Amino acid sequence: MSSYVGVLVSDPWLQSQFTQVELRTLKSKFVSNKTQLGRFTIGDLPPVFAKLKAFNGTFDEDEIKSILDKSHSNVDEEVDFETFLRAFLSVQTRGVEKSGGSKGSSSFLKTSTTTVHHAINESEKASYVSHINNYLRDDPFLKSYLPIDPATNAFFDLVKDGVLLCKLINVAVPGTIDERAINTKKTLNPWERNENLTLGLNSAKAIGCTVVNIGTQDIAEGRPYLVLGLISQIIKIQLLADLNFKKTPSLFELVDDTQDAEELMGLAPEKVLLKWMNFHLKKAGYEKQVTNFSSDVKDGEAYAYLLNALAPEHSSHVALETKDPTERAKKVLEQAEKLDCKRYISPKDIVDGSANLNLAFVAQIFHNRNGLTVDSSKTSFAEMMTDDVETSREERCFRLWINSLGTATYVNNVFEDLRNGWVLLEVLDKVSPGSVNWKHANKPPIKMPFKKVENCNEVVKIGKELRFSLVNVAGNDIVQGNKKLLLALLWQLMRYTMLQLLKNLRSHSQGKEITDADILNWANRKVKRGGRDSQAESFRDKNLSTGLFFLELLSAVEPRVVNWSLVTNGETEEDKKLNATYTISVARKLGCSIFLLPEDIIEVNQKMMLILTASIMYWSLQQQSDTESTVSEDAADEGDANSVTGEISNLSIDGASESSPTAQDQELVTEADKDEDEVDGENNKDA
């Protein structure tokens with residue numbers, strides 16, 4: 001397997017100022033402009049920089065020219081890539097100063113980090129290291145490396161091979177990664193290390209982490225601010241895992257009616273945690289409202305009330321009577337220690353208002369003693385809020401997929417968060433850039449219902465322009481939260497995105513659309529050429545439940561990625577599950593960004609089978625595109641290059657003789673039509 005090599009520059013300091021994502025983006029801009037202009041000079045930079053999102057709304061072309069004039073006296077000086085990067089930093093630094101030194105000034109990074117400031121929080125680092133030492137100390141592979149000393153940088157060295165990252169993800173969401181797919185040796189070669197990191201990053205996306213700004217090279221280099229940002233997300237997901245009705249039905253005690261329950265379902269886990277905290281504080285007589293895990297808790301008073309309410313056997317008024325905030329924080333932690341809740345935080349962290357560590361502290365209190373009881377009078381809420389298994393799985397898949405796109409709005413619940421239309425517009429703008437006219441969009445918070453309908457009408461309009469099946473569907477159906485319709489719409493969005501990615505890799509085919517039949521035929525041909533006998537009749541083929549076809553396909557596109565000694569014959573349910581979990585981890589290890597569960601393979605979920613196959617196809621064609629570029633440059637005979645591109649450009653032609661596309665081509669769209677027909681029937685019935 002070819003190992004990914006990051007963009008490198010000769011100056012180590014300059015290299016350290018950018019993530020690999022930034023370097024790749026800027027390298028692409030540099031190369032395209034140099035190719036277009038031939039001779040690329042300092043004088044050409046202002047219009048180029050003015051179009052970058054990093055400076056959009058911050059500087060115009062004249063302002064950028066003024067900045068560059070101060071650092072480059074000769075506008076005719078030819079620009080190489082390193083000069084391009086230094087010029088970018090000059091403008092960016094001025095941008096930070098102009099915005100008041102905001103750390104969120106970089107458009108590349110959606111976290112609180114930036115390419116200009118790389119300070120890390122030592123207290124947070126120590127807490128995360130303590131968490132890792134505690135949860136992974138008995139791991140057969142890592143125990144020889146633990147405990148990690150938080151006072152050193154050993155943690156950043158240990159994370160470089162990807163093993164710790166994968167293991168920690170499995171602690172946060174057990175079963176996410178089949179650990180048989182992790183390369184665990186004392187010394188890993190670059191390919192094996194890159195596989196582990198790729199598996200870790202794709203699996204982090206699959207549990208809800210935002211990793212759009214992080215590449216495998218960034219983790220391999222042990223960049224502290226990026227590593228800590230990713231690790232904090234994983235730990236946060238673990239700590240907040242119980243803050244939902246499915247895991248903790250007693251949360252219904254926080255609501256009074258069905259409407260309140262629906263609103264609570266749509267809240268982010270940290271918001272639910274705040275609601276829980278205020279519920280107990282109000283009962284304890286605390287008169288203030290806690291709205292954050294920083295300034296509102298830094299005096300320690302809310303903690304003193306909360307612990308007295310939850311653990312009356314350890315209650316003490318000493319903390320409340322103490323006037324000094326630091327002393328009160330110490331008393332609070334002494335009380336919390338009796339509930340085993342001190343691990344993540346110090347008195348200084350409370351007084352300083354460390355949001356991440358205070359959130360972790362409150363989450364730990366909730367986990368150890370939430371103080372809620374199951375109210376039998378509210379069990380009807382739980383029954384009303386429970387979706388069927390397939391609906392829940394699809395909601396999870398689409399939610400994680402949306403969040404992986406890097407949209408500005410993080411989705412916690414598809415059925416609640418998409419009803420105002422704004423997130424759907426963000427998704428449409430991602431998958432079909434330029435399709436949304438933002439002048440016609442209403443930005444949240446939206447109080448007037450008709451404004452939500454306007455957004456959703458725009459969604460339906462754009463969907464029809466993209467040839468989605470939306471017959472008799474109106475914006476109000478989305479606002480009303482029609483689950484069947486939302487899932488059908490999101491499926492068409494996901495499918496459209498995947499097919500467009502594949503289409504863009506086949507520029508030689510004059511833009512011909514790729515069909516579901518093309519994907520199936522490609523997969524069958526690949527498996528056959530790999531010397532295997534498995535063939536899939538359709539994406540509904542029950543034989544796919546064994547997982548063998550997908551493992552043979554993965555082995556066909558990259559022979560070394562599957563360890564066949566770990567594969568079962570798939571005859572029993574247990575064997576099928578082993579193969580399915582291994583298939584998903586191997587695909588992610590290869591580089592596929594997928595969000596299905598083993599159950600989707602075992603039950604042959606037709607939609608997920610298509611996306612899994614298409615993702616493998618996309619990865620394979622990407623490798624061929626890279627090979628094609630190399631061959632095109634080096635091969636003397638054009639026929640050699642054509643042989644490389646043949647499989648891409650002739651997919652439909654080759655496939656036509658092997659399988660008729662008419663039955664398979666629109667199979668999945670037809671299913672979406674059926675869903676929508678049912679919705680139409682419901683609408684007509686209501687009318």
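Note that these values count all heavy atoms, side chains included, but never hydrogens, waters or copies made by symmetry. Residues take their numbers from the sequence shown, with the count starting at 1. Not measured: the values here are computed from a predicted model.
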**Student:** I need the single residue from Asp178, Asn196, Asn183 that forms a side chain to side chain donor-acceptor pair (under 3.5 Å) with Lys589. Which is it?
**Tutor:**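 With Lys589 as partner, Asp178, Asn196, Asn183 yield a single side chain to side chain donor-acceptor pair (under 3.5 Å), made by Asn183.
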
**Student:** Stepwise, does the side-chain hydrogen bond (donor to acceptor under 3.5 Å, both in side chains) test hold for Glu426 with Thr409?
**Tutor:** CA-CA 8 Å; Glu426 288 185 319; Thr409 307; 3.0 Å; yes

**Student:** Apply side-chain contact (heavy atoms from CB on, under 4.5 Å) to Tyr618 and Cys592, showing your working.
**Tutor:** CA-CA 8 Å; Tyr618 179 63; Cys592 300; over 6 Å; no

**Student:** What is the distance from atom CE of Met494 to atom NZ of Lys607, rounded to the nearest 0.5 Å?
**Tutor:**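 Output value for this atom pair is 10.5 Å.
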
**Student:** For the side chain of Asp352 and the backbone of Ser354, is there at least one donor-acceptor N/O pair under 3.5 Å apart?
**Tutor:**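 Side chain of Asp352 to backbone of Ser354, a donor-acceptor pair under 3.5 Å: no, none is there.
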
**Student:** Determine whether a donor-acceptor pair (N or O, by modelled atom type, separation under 3.5 Å) exists between the side chain of Asp417 and the backbone of Val414.
**Tutor:**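 Here the side-chain-to-backbone pair does not exist.
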
**Student:** Would you call Asp161 and Arg193 a salt bridge, taking side-chain N to carboxylate O under 4.0 Å as the test?
**Tutor:**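 Here Asp161 does not pair with Arg193 in a salt bridge, since their nearest N and O are not under 4.0 Å apart.
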
**Student:** Ala302 and Met277: which non-hydrogen atoms are nearest, and at how many Å?
**Tutor:**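 For Ala302 versus Met277, the nearest heavy atoms are CB-CE, 4.1 Å.
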
**Student:** Looking only at non-hydrogen atoms, find the nearest pair between Ala309 and Pro312 and report the distance.
**Tutor:**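 Shortest heavy-atom separation between Ala309 and Pro312 comes out as O-CD, 3.8 Å.
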
**Student:** Is there a donor-acceptor pair under 3.5 Å between the side chain of Thr572 and the backbone N or O of Asp575?
**Tutor:**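 Between the backbone of Asp575 and the side chain of Thr572 there is a qualifying donor-acceptor contact (under 3.5 Å).
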
**Student:** Answer whether the closest heavy-atom distance between the side chains of Leu228 and Asn121 falls below 4.5 Å.
**Tutor:**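 Not in contact.
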
**Student:** Using side-chain heavy atoms (C-beta onward) and a distance below 4.5 Å, is Ile231 in contact with Phe155?
**Tutor:**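 Result yes, sub-4.5 Å side-chain heavy-atom pair found.
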
**Student:** Less than 4.0 angstrom from a charged side-chain N to a carboxylate O is my criterion; do Lys576 and Glu571 meet it?
**Tutor:**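 No, this pair does not count.
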
**Student:** For the residue pair Phe141 and Tyr145, does the interplanar ring angle fall in the parallel (under 30°), tilted (30 to 60°) or perpendicular (over 60°) class?
**Tutor:**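 The arrangement is tilted - the two ring planes meet at 30° to 60°.
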
**Student:** Of the non-hydrogen atoms in Leu307 and Val332, which two are nearest, and what is the gap between them?
**Tutor:**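 Scanning both residues, the minimum pair turns out to be CD1-O, 3.6 Å.
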
**Student:** Would you give the length of the straight line joining atom CG of Leu188 to atom NZ of Lys186, rounded to the nearest 0.5 angstrom?
**Tutor:**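 Output value for this atom pair is 11.0 Å.
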
**Student:** Evaluate the criterion side-chain contact (heavy atoms from CB on, under 4.5 Å) for residue pair Phe549 and Ile601; output intermediate values, then yes/no.
**Tutor:** CA-CA 11 Å; Phe549 178 79; Ile601 296 177; over 6 Å; no

**Student:** Does a side-chain heavy-atom distance below 4.5 Å link Thr176 with Arg588?
**Tutor:**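 Yes, side chains in contact.
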
**Student:** Taking Ser585 for its side chain and Tyr582 for its backbone only, find out whether a donor-acceptor pair lies under 3.5 Å.
**Tutor:**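 Checking the backbone N and O of Tyr582 against the side chain of Ser585, no donor-acceptor pair under 3.5 Å is found.
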
**Student:** Please determine if Arg393 and Glu599 form a salt bridge, counting it only when a charged side-chain N lies under 4.0 Å from a carboxylate O.
**Tutor:**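 The answer is no: the pair does not qualify as a salt bridge.
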
**Student:** Taking the side chain from Asn244 and the backbone from Ala241, do they hold a donor-acceptor pair closer than 3.5 Å?
**Tutor:**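 Yes: the side chain of Asn244 pairs with the backbone of Ala241.
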
**Student:** Using modelled atom types only, decide if a donor and an acceptor are shared between the side chain of Asn278 and the backbone of Leu274 within a distance under 3.5 Å.
**Tutor:**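 Between the backbone of Leu274 and the side chain of Asn278 there is a qualifying donor-acceptor contact (under 3.5 Å).
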
**Student:** How long is the gap from SG on Cys209 to CD1 on Ile237, to the nearest 0.5 Å?
**Tutor:**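 Reported value, rounded in 0.5 Å steps: 3.5 Å.
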
**Student:** We want to know whether Asn579 and Thr568 form a side-chain donor-acceptor pair, criterion being a heavy-atom distance below 3.5 angstrom.
**Tutor:**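 Present: a donor and an acceptor within the cut-off.
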
**Student:** Salt bridge check: are Lys330 and Glu334 linked by an N-O gap of less than 4.0 Å?
**Tutor:**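 Not counted as a salt bridge, because no side-chain N and carboxylate O are separated by less than 4.0 Å.
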
**Student:** Does one side chain, of Asp242 or Thr248, offer a donor that lies under 3.5 Å from an acceptor on the other?
**Tutor:**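 There is no such pair (donor and acceptor under 3.5 Å, judged by atom type) between the side chains of Asp242 and Thr248.
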
**Student:** Does Val431 offer a backbone N or O that forms a donor-acceptor pair with the side chain of Thr497 under 3.5 Å?
**Tutor:**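 Checking the backbone N and O of Val431 against the side chain of Thr497, no donor-acceptor pair under 3.5 Å is found.
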
**Student:** Is there a donor-acceptor pair closer than 3.5 Å between any side-chain N or O of Asp600 and the backbone N or O of Met609?
**Tutor:**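 No; zero donor-acceptor contacts below 3.5 Å.
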
**Student:** By side-chain hydrogen bond (donor to acceptor under 3.5 Å, both in side chains), which residues pair with Gln335, not counting sequence neighbours?
**Tutor:**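 Applying side-chain hydrogen bond (donor to acceptor under 3.5 Å, both in side chains) to Gln335 gives Asn308.
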
**Student:** Is Ser620 reaching over with its side chain to a backbone N or O of Ile616, donor-acceptor style, under 3.5 angstrom?
**Tutor:**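 It does not hold such a pair.
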
**Student:** I want to check a possible cation-pi pair here: Arg223 against Phe156, using under 6.0 Å from ring centre and within 45° of the ring axis as the test.
**Tutor:**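 Verdict for Phe156: no cation-pi partner in Arg223.
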
**Student:** Step through the shown structure and confirm whether more than 12 heavy atoms of other residues, nucleotides or ligands are within 6.0 Å of NZ on Lys577.
**Tutor:**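 Atom NZ in Lys577 is not crowded, with 12 or fewer foreign heavy atoms closer than 6.0 Å.
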
**Student:** Go through the side-chain N and O atoms of Ser232 and Glu124 and say whether any donor and acceptor fall under 3.5 Å apart.
**Tutor:**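 Per modelled atom types, Ser232 and Glu124 side chains form no pair under 3.5 Å.
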
**Student:** Would you compute the distance between atom CG of Leu486 and atom CD of Glu416 and round it to the nearest 0.5 angstrom?
**Tutor:**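 Atom-to-atom, Leu486:CG and Glu416:CD are 10.0 Å apart.
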
**Student:** Report the C-alpha distance between Phe415 and Thr391 in whole Å, list the side-chain angles of each, state the deciding distance to 0.1 Å, and finish with yes or no for side-chain contact (heavy atoms from CB on, under 4.5 Å).
**Tutor:** CA-CA 11 Å; Phe415 301 132; Thr391 297; 3.6 Å; yes

**Student:** Are side-chain N/O atoms of Asp349 and Ser123 paired as donor and acceptor at under 3.5 Å?
**Tutor:**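 Yes, a side-chain donor-acceptor pair sits under 3.5 Å.
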
**Student:** Measure the spacing between CG of Leu544 and CZ of Phe550 and express it to the nearest 0.5 Å.
**Tutor:**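 Leu544 CG to Phe550 CZ: 4.5 Å, rounded to 0.5 Å.
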
**Student:** Work out which heavy atom in Ile234 is nearest to a heavy atom in Ala172; give both atom names and the distance.
**Tutor:**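 In terms of heavy atoms, the two residues are closest at O-CB, 3.6 Å.
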
**Student:** Would you mind checking if Lys236 and Glu270 are paired as a salt bridge, meaning a charged N to carboxylate O distance below 4.0 Å?
**Tutor:**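 So Glu270 pairs with Lys236 through a salt bridge.
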
**Student:** Over all heavy atoms of both residues, which pair between Leu359 and Leu273 is shortest? Give the atoms and the distance, please.
**Tutor:**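 Smallest heavy-atom distance, with atoms named: O-CD2, 3.9 Å.
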
**Student:** Is there a donor-acceptor pair closer than 3.5 Å between any side-chain N or O of Trp619 and the backbone N or O of Leu590?
**Tutor:**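 Yes, because the side chain of Trp619 sits within donor-acceptor range (under 3.5 Å) of the backbone of Leu590.
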
**Student:** Please determine whether a side-chain nitrogen of the Lys or Arg among Glu395 and Lys483 lies less than 4.0 Å from a carboxylate oxygen of the Asp or Glu.
**Tutor:**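 Looking at Glu395 and Lys483, the cut-off is not met.
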
**Student:** Within a 6.0 Å radius of atom NZ on Lys125, are there more than 12 heavy atoms belonging to other residues, nucleotides or ligands?
**Tutor:**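 Yes - once you tally the heavy atoms of other residues, nucleotides and ligands closer than 6.0 Å, there are more than 12.
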
**Student:** Using the rule given for side-chain hydrogen bond (donor to acceptor under 3.5 Å, both in side chains), can you reason through Thr216 versus Asn194, listing the C-alpha separation, both sets of side-chain angles and the distance that settles it, and then say yes or no?
**Tutor:** CA-CA 7 Å; Thr216 55; Asn194 191 65; 3.1 Å; yes

**Student:** Please report the shortest heavy-atom distance between Leu566 and Arg180, naming the atom on each side.
**Tutor:**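 In this case the closest contact between Leu566 and Arg180 is O-NH1, 3.0 Å.
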
**Student:** Using distance alone, with no hydrogens and no angle criterion, decide if Asn358 and Lys298 have a side-chain donor and acceptor under 3.5 Å apart.
**Tutor:**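 Looking only at side-chain atoms, Lys298 and Asn358 do not form any donor-acceptor pair under 3.5 Å.
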
**Student:** Show, in sequence, the C-alpha distance, side-chain angles and deciding distance for Ser294 and Asn292, and conclude whether the side-chain hydrogen bond (donor to acceptor under 3.5 Å, both in side chains) test is met.
**Tutor:** CA-CA 6 Å; Ser294 183; Asn292 58 65; 4.9 Å; no

**Student:** Give me the ring orientation class for Tyr303 and Phe361: parallel if the planes are under 30° apart, tilted from 30 to 60°, perpendicular past 60°.
**Tutor:**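 Judged by the thresholds at 30° and 60°, the geometry between Tyr303 and Phe361 is perpendicular.
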
**Student:** Out of curiosity, Leu264 CG to Phe245 CZ, how far, rounded to the nearest 0.5 Å?
**Tutor:**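 If I round to the nearest 0.5 Å, the distance is 4.0 Å.
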
**Student:** Give the intermediate values and the outcome of side-chain contact (heavy atoms from CB on, under 4.5 Å) for residues Leu610 and Trp491.
**Tutor:** CA-CA 11 Å; Leu610 169 62; Trp491 160 241; 3.7 Å; yes

